[in-house]
Protein chains: 2
Amino acid sequence: MPRISSAERRSALIEAAVRVISRDGIQAATTRAIVAEANMSLASFHYVFRSRDEMMRELIAFVVGAEADAALRSIGTGRDIRTALREALQTYFDLLTSAPRHEQVMFELLHYSLRTPELEDLPRQQYASYHSAVAALLTTGAEHGGVRWTRPVDDIARMIVTITDGVTLAWLADHDDAAANRVLDFAADAIAAYSEPLPAGDSVVPSPSALTRPRSNDAKEMHR
Amino acid sequence: MPRISSAERRSALIEAAVRVISRDGIQAATTRAIVAEANMSLASFHYVFRSRDEMMRELIAFVVGAEADAALRSIGTGRDIRTALREALQTYFDLLTSAPRHEQVMFELLHYSLRTPELEDLPRQQYASYHSAVAALLTTGAEHGGVRWTRPVDDIARMIVTITDGVTLAWLADHDDAAANRVLDFAADAIAAYSEPLPAGDSVVPSPSALTRPRSNDAKEMHR
DNA sequence: TTTCGTCTGGGACAGTTGTCCAACTTCGAG
DNA sequence: CTCGAAGTTGGACAACTGTCCCAGACGAAA
């Protein structure tokens, strides 16, 4: 087969492993299944990875990073903060229903990490990453909506991650779209209750223009 | 070894399997590990179970039933509904922190079922079981607190399961007791907001003015 | 006591797993 | 062109997996 640099092979194998795990579960992500998916020989695997665990570690870091990035792109465009929240949650839910396997993989990797001593520091980082991504989203959303949070953003971010995790699990189990949407309505109400209008003149962004501002360029440069 | 009836052997093996999974994860629950934990010979396994999958199916049913039972025993004793809710959530959280492996096993079994075609109907039943157990709890709690829910109990039950699942996952990942307690405070507030005093005078408890008042958490000391 | 269905245990089977090796091929620097 | 490093390969290894078979051992009915 073609001659490929070591670094390319690493990422090719990781991407192949992600496909295998999505399709058949983490249990099926054997070295042979992965190299078959990547159209490589078995020996290539241990040429670039010292062990399967080493590859798993890189895979998880890669996939968690991508997940946080995806979250950061889901800014709601609603006029008021409640609508913006609901739309962001809907964006996530649409993502879930259109690619359920992806979120399923996230959970499987989490539990795999929790059971693997060499990876036991990863779950903490994984959730810290989620929380800070959502917190950044909340801060941006509040500025756009001309409100401020009456609780620490970190706490509210954790509430949101809590709810999306819970909704995801239940939906993966019973695929009840309507029930999930009712829970998301509830969540948007409850979270929006922890916001209040900014005192006049105190705002960084003038309220009226924020309300009518087009949504185009906002999400880009906000990377924590 | 002693002569044991087929039924006894079944439950002994299932209990041994639960111990193995708790200790080492579902991927370590091999037939050999299970019979070793139960002090049996390997052949005994296939004498009472046609296959490992058949045992897994029984194990999940057994363990999910026990989980729903445990939920039903966690009725809050608070006078107002908000306090009762918070106490019930605290009971669950104490259970989680004192036996984290148990909830971890629940998730692992869920994901195992989702990936096993012959078991794919189990997750739906599992969550239906959780939801109805919590719904029963909510109905009892409302009667006890002299209130009624302003939304269908089934929806509220789903919200609660959503939140406990989410809190559990995050806590398993980062063991942040304080943050979890703040989320549970939030949940109790938000859920209690969907209750209202019974219209007639048949309420056992005087109208609680603190019903929907957000309350800061009186966090107990947390380790770390 | 004999019989017979129920239980037990050791061992075997074929398949899969992670890891490694020795041999082979390619390629660019000297 | 030479040569050594980098890349590639099929095959092997020992360990482990789920499952099965058969020779027994037990206990109650006959």
Side-chain angles (χ1 to χ4, degrees), chain A residues 1-21 23-60 108-109 111-113 115-119, chain B residues 1-21 23-60 108-109 111-113 115-120 122:
Chain A
M1 290 297 113
R3 235 170 146 74
I4 288 185
S5 86
S6 196
E8 278 181 89
R9 225 163 248 277
R10 283 179 93 89
S11 35
L13 280 171
I14 287 181
E15 285 165 26
V18 171
R19 288 197 298 275
V20 170
I21 297 179
R23 188 179 346 107
D24 305 317
I26 201 174
Q27 166 112 232
T30 68
T31 54
R32 283 171 177 80
I34 293 169
V35 298
E37 175 77 25
N39 275 321
M40 296 186 195
S41 78
L42 184 53
S44 302
F45 188 97
H46 283 90
Y47 182 75
V48 290
F49 290 114
R50 205 173 318 130
S51 69
R52 184 177 168 277
D53 276 346
E54 180 183 309
M55 190 224 57
M56 271 309 187
R57 183 175 203 104
E58 282 199 24
L59 183 147
I60 294 174
E108 290 175 346
L109 290 176
H111 291 295
Y112 176 83
S113 301
R115 288 291 187 185
T116 308
E118 306 86 38
L119 304 180
Chain B
M1 290 294 110
R3 234 172 147 74
I4 290 185
S5 85
S6 195
E8 277 181 88
R9 225 166 249 278
R10 283 179 94 88
S11 35
L13 280 171
I14 287 181
E15 285 166 26
V18 171
R19 287 197 299 275
V20 170
I21 296 179
R23 187 181 345 108
D24 304 317
I26 200 175
Q27 104 163 314
T30 69
T31 54
R32 282 169 177 81
I34 294 169
V35 298
E37 175 77 25
N39 275 323
M40 296 185 194
S41 78
L42 185 53
S44 301
F45 188 96
H46 283 90
Y47 182 74
V48 291
F49 291 114
R50 204 175 320 128
S51 70
R52 183 177 169 277
D53 276 346
E54 179 183 311
M55 190 223 57
M56 267 317 183
R57 185 177 201 101
E58 281 199 24
L59 183 147
I60 294 175
E108 290 175 347
L109 291 176
H111 291 295
Y112 176 84
S113 301
R115 289 290 187 184
T116 308
E118 306 85 39
L119 303 179
E120 65 185 356
L122 282 180

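Letters A, B, ... are given to chains in the order of the sequence lines, protein chains preceding strands, and every chain is numbered from 1. Since we're looking at a predicted model, the values are computed, not measured.
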For this session: Please step through side chain to side chain contact (heavy atoms under 4.5 Å, CB included) for the pair A:Arg19 and A:Glu15, ending with a clear verdict.
Result: CA-CA 6 Å; A:Arg19 288 197 298 275; A:Glu15 285 165 26; 4.2 Å; yes

Exercise. Does OP1 or OP2 of D:dG7 have a side-chain N or O of A:Ser44 closer than 4.0 Å?
Worked result: no

For this session: Please check the phosphate of D:dG18 (OP1 and OP2 only) for any side-chain N or O of B:Thr31 closer than 4.0 Å.
Result: yes

Problem set entry | Nucleotide nearest B:Thr30 (side chain, heavy atoms from C-beta), chosen from C:dC7, D:dG18, C:dG18 | D:dG18

Exercise. Between D:dT17, C:dT8, C:dT19, which one does the side chain of B:Arg32 approach most closely?
Worked result: D:dT17

Exercise. How far apart are the C-alpha atoms of B:Tyr112 and B:Leu122, what are their side-chain angles, what is the distance that settles it, and do they pass the side chain to side chain contact (heavy atoms under 4.5 Å, CB included) test?
Worked result: CA-CA 10 Å; B:Tyr112 176 84; B:Leu122 282 180; over 6 Å; no

For this session: May I ask you to say what A:Tyr47 touches in the nucleic acid, namely base, sugar-phosphate or nothing, with a heavy-atom cut-off under 4.0 Å?
Result: base

For this session: State whether the number of non-hydrogen atoms from other residues, nucleotides or ligands found under 6.0 Å of B:Gln27 atom CD is greater than 12.
Result: no

Exercise. Taking it one step at a time, do A:Ile26 and A:Met56 satisfy side chain to side chain contact (heavy atoms under 4.5 Å, CB included)?
Worked result: CA-CA 10 Å; A:Ile26 201 174; A:Met56 271 309 187; 4.0 Å; yes

Roughly, in whole Å, what's the span from [atom1] in [X] to [atom2] in [N]?
X	N	atom1	atom2	value
A:Met40	D:dG11	CE	C1'	20 Å
B:Ile34	D:dC16	CD1	C1'	15 Å
B:Met55	D:dG18	CE	P	10 Å
A:Ile4	D:dA6	CD1	P	18 Å
A:Glu54	C:dT19	CD	P	10 Å

Problem set entry | Smallest separation among heavy atoms of A:Arg52 and A:Thr30, with atom names | NE-CA, 4.4 Å

Problem set entry | Reading 5' to 3' through nucleotides 20-26 of chain D, protein heavy-atom contacts under 4.0 Å coded B for base, S for sugar-phosphate only, - for none | -B---BB

Exercise. Can you tell me how far the CG atom of A:Asp53 sits from the CG atom of A:Leu59, to the nearest 0.5 Å?
Worked result: 12.0 Å

